[in-house]
A.B. asks: 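My questions will all concern the structure given below.
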Amino acid sequence: MSGASGRAYLAIPGPTVVPERVLAAMHRPSPDIYDGALVAMMPGLIRDLRRLAVSDTADVAIYIANGHGAWEAAIANMFSRGDRALALATGLFGSGWAAHAQAMGVKVDVLDFGLRAPVDLARVEEALAADRDHAVRAVLVTHVDTATSIRNDIAGLRAVLDRLGHPALLAVDAVASLGCEALRFDDWGVDVMIAASQKGLMLPPGLGFVWFSRRARRLSLGSDLATPYWDWHARTGDVEFYRHFAGTAPTHHLFGLREALTMLLDEEGLGRAWARHAALARAVWAAFDAWSAGGDIAMNVADPACRSHAVTAARLGGGAAQRLRDWVPAHAGVTLGVGIGMVRPGEAAAGDHLRIAHMGHVNAHMTLGALAAMEAGLAALGVRRGGGALEAAAAAIGAA
Ligand SMILES: *Cc1c(COP(=O)(O)O)cnc(C)c1O
């Protein structure tokens, strides 16, 4: 029997579920890009993107790009060729941003914290304290590494920089966390932050965002890596609509963005969205805690305080992760995320890792449904596991 017909649920950490309202907002003929509704919308979009970052003063540049494009946008504006960066890696995305910077001509030192633990602030402090002439121009860090589901302490990094009086820019990849978990650009002293449209923002992929502080704007004035398309000075502030995009605007995405920001900021409220994601995460963790008690199943991050509220990476040994990922779409209409970057070269554990997203336009019945589909699959596949996972997940939702 297949229970897959009916509405499918894509529970992968991006692209995420796009609300019908966002799809409907995008379903329209091409708008004028020189006058009219789209042009009139722009100041409100910038204001609300600032609200999303919890900032009063940040500028935000919008690129027709995915997260990888936003990485390069941030790098191009922060650095000149030959500048130094300190990159903090806690998974594939942290390493990836570092690799892009390196390829663009930045001298990057990578501090790698492995795949199970967050950035160790003491090690960062040691590395920056050794940089006596302040050659490091920026610290690159991933707030939530979507590969490992590790969440890093951004406010803690700001405190390290301040304690040392180190002027490096604090640059944060918030692709996986923005709109899903607490993130405060101004309070945390972030200088540069990137995001993309297809995760917590509930849009199709295609928009990359870069927020930058006044200090980052000032320090970026002499940087020589930015070409006309990526230069954030040319596309922010008091410029005509066309200049915001260095060309034709991503017309339909902007109507979708308007709808998504209204839903998130004005209807649900950002604090409530963060609380919803926290509750869904606790339900997922409760299920995994129960499963792990009686089998070769474990969440990737042991300490709940360092786990993302938007995605959970887990190991199901003996290839069970892959078998379950094959079972749930075929029998229950749910697609789970593949594990990425979890198998070190030389290790033979392919098929042991998966990720479940609880990110964006997701509510309790969707997450509980995905967990129940997983329980059904584990049972059908005869995977050894502890019992009570669904009761525990439901109790977590009931207690929220
Ligand atoms: C998804 C993701 C990216 C990459 O975004 P793309 O849009 O796939 O290029 C980068 N960083 C993090 C933390 C992500 O989750």
Side-chain angles (χ1 to χ4, degrees), residues 10-18 52-53 61-76 85 87-104 110 112-113 115 118-119 139-154 157 170-183 185 190 192-211 230 250 253 256-257 260 277 281 300-301 306-313 335-342 353-360 362:
L10 184 69
I12 70 174
T16 61
V17 174
V18 180
L52 184 64
I62 308 174
Y63 299 88
I64 299 180
N66 60 15
H68 285 71
W71 277 349
E72 294 202 4
I75 293 162
L88 313 177
T90 53
L92 195 66
F93 290 100
S95 318
W97 200 9
H100 278 243
Q102 187 95 46
M104 290 170 74
V110 180
D112 193 334
F113 300 90
L115 300 173
V119 165
V139 175
L140 310 182
V141 63
T142 313
H143 184 211
V144 164
D145 199 302
T146 323
T148 54
S149 67
I150 294 167
R151 185 183 56 226
N152 290 306
D153 177 4
I154 305 303
L157 282 168
L170 178 56
V172 177
D173 173 344
V175 176
S177 51
L178 187 73
C180 304
E181 39 196 314
L183 199 170
F185 188 96
V190 175
V192 174
M193 182 172 91
I194 71 135
S197 50
Q198 79 277 19
K199 299 197 180 174
L201 267 178
M202 314 180 286
L203 290 159
L207 298 180
F209 305 93
V210 182
W211 289 256
W230 297 107
H253 275 70
L257 177 63
H277 284 85
N300 186 51
V301 185
C306 310
R307 285 185 201 143
S308 167
H309 291 172
V311 58
T312 300
T335 300
L336 300 173
V338 64
I340 54 171
M342 297 306 292
H353 298 275
L354 60 72
R355 294 175 299 159
I356 174 170
H358 25 101
M359 173 190 286
V362 183

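Both counts, for ligands and for their atoms, begin at 1 and track the order of listing. It should be emphasised that the depicted structure is a prediction, and the values quoted were computed from it without experimental measurement.
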A.B. asks: Identify the closest protein heavy atom to atom 15 (O) of ligand 1: which residue and atom is it, and at what distance?
C.D. replies: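 Protein heavy atom with the smallest distance to atom 15 (O) of ligand 1: Thr146 OG1, 2.3 Å.
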A.B. asks: Please test Ser95 against Asp112 for side chain to side chain donor-acceptor pair (under 3.5 Å), starting from the C-alpha separation and ending with a verdict.
C.D. replies: CA-CA 8 Å; Ser95 318; Asp112 193 334; 5.0 Å; no
A.B. asks: Looking at Thr142, which atoms of ligand 1 are within less than 4.0 Å of one of its heavy atoms?
C.D. replies: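 Contacts of ligand 1 toward Thr142, numbered from 1: 13 (C).
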A.B. asks: What distance separates Trp97 CH2 from His68 NE2, expressed to the nearest 0.5 Å?
C.D. replies: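 Rounded to the nearest 0.5 Å, the CH2-NE2 separation comes out at 12.5 Å.
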A.B. asks: Between Phe185 and Trp211, is the ring centroid distance below 6.0 Å?
C.D. replies: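 No, ring centres 6.0 Å or more apart.
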A.B. asks: Between Asp145 and ligand 1, find which residue part has any heavy-atom pair under 4.0 Å and reply side chain, backbone, both or neither.
C.D. replies: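 It is neither; nothing of Asp145 touches ligand 1.
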A.B. asks: Should His143 be listed as contacting ligand 1, given a heavy-atom distance under 4.0 Å as the test?
C.D. replies: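 Under 4.0 Å: no for His143.
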A.B. asks: Do me a favour and list the nearest non-hydrogen protein atom to atom 14 (C) of ligand 1 with residue, atom name and distance?
C.D. replies: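 Checking every protein heavy atom, the shortest distance to atom 14 (C) of ligand 1 gives Lys199 NZ, 3.0 Å.
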A.B. asks: Quick one: is the NZ or CZ of Lys199 closer than 6.0 Å to the six-membered ring centre of Phe209, and within 45° of its axis?
C.D. replies: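 No.
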A.B. asks: To which protein heavy atom is atom 10 (C) of ligand 1 closest, and what is the distance rounded to 0.1 Å?
C.D. replies: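 Protein heavy atom at minimum distance: Phe93 CD2, 3.3 Å.
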A.B. asks: Look up atom SG in Cys306 and atom CG in Asn300, then write down how far apart they are to the nearest 0.5 Å.
C.D. replies: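 Interatomic distance, Cys306 SG to Asn300 CG, rounded to 0.5 Å: 11.5 Å.
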A.B. asks: Could a heavy atom of Val144 be found less than 4.0 Å from some atom of ligand 1?
C.D. replies: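 Contact check Val144 vs ligand 1: positive.
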A.B. asks: Can you tell me the protein heavy atom closest to atom 9 (O) of ligand 1 and the distance?
C.D. replies: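 Nearest neighbour among protein heavy atoms for atom 9 (O) of ligand 1, to 0.1 Å: His68 ND1, 2.5 Å.
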A.B. asks: Is the closest heavy-atom distance from Trp97 to ligand 1 below 4.0 Å?
C.D. replies: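 Outside the 4.0 Å threshold, so no.
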A.B. asks: For His277 and Glu181, test the side chains for any donor-to-acceptor distance below 3.5 angstrom and give the result as yes or no.
C.D. replies: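 Distance-only check fails for His277 and Glu181.
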A.B. asks: Counting non-hydrogen protein atoms only, what is the nearest one to atom 5 (O) of ligand 1? Give residue, atom name and distance.
C.D. replies: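 The answer is Gly67 CA, 3.4 Å.
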A.B. asks: If you have a sec, work out which protein heavy atom is nearest atom 11 (N) of ligand 1 and how many Å separate them, to one decimal?
C.D. replies: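 Scanning the protein heavy atoms, the shortest distance from atom 11 (N) of ligand 1 goes to Asp173 OD2, 2.6 Å.
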A.B. asks: From the options Leu140, Asn66, Asp173, select the one residue that forms a side-chain contact (heavy atoms from CB on, under 4.5 Å) with Trp71.
C.D. replies: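 Only one of Leu140, Asn66, Asp173 forms a side-chain contact (heavy atoms from CB on, under 4.5 Å) with Trp71, namely Asp173.
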A.B. asks: Could you please spell out the steps behind the side chain to side chain donor-acceptor pair (under 3.5 Å) verdict for Thr312 and His358?
C.D. replies: CA-CA 8 Å; Thr312 300; His358 25 101; 2.7 Å; yes
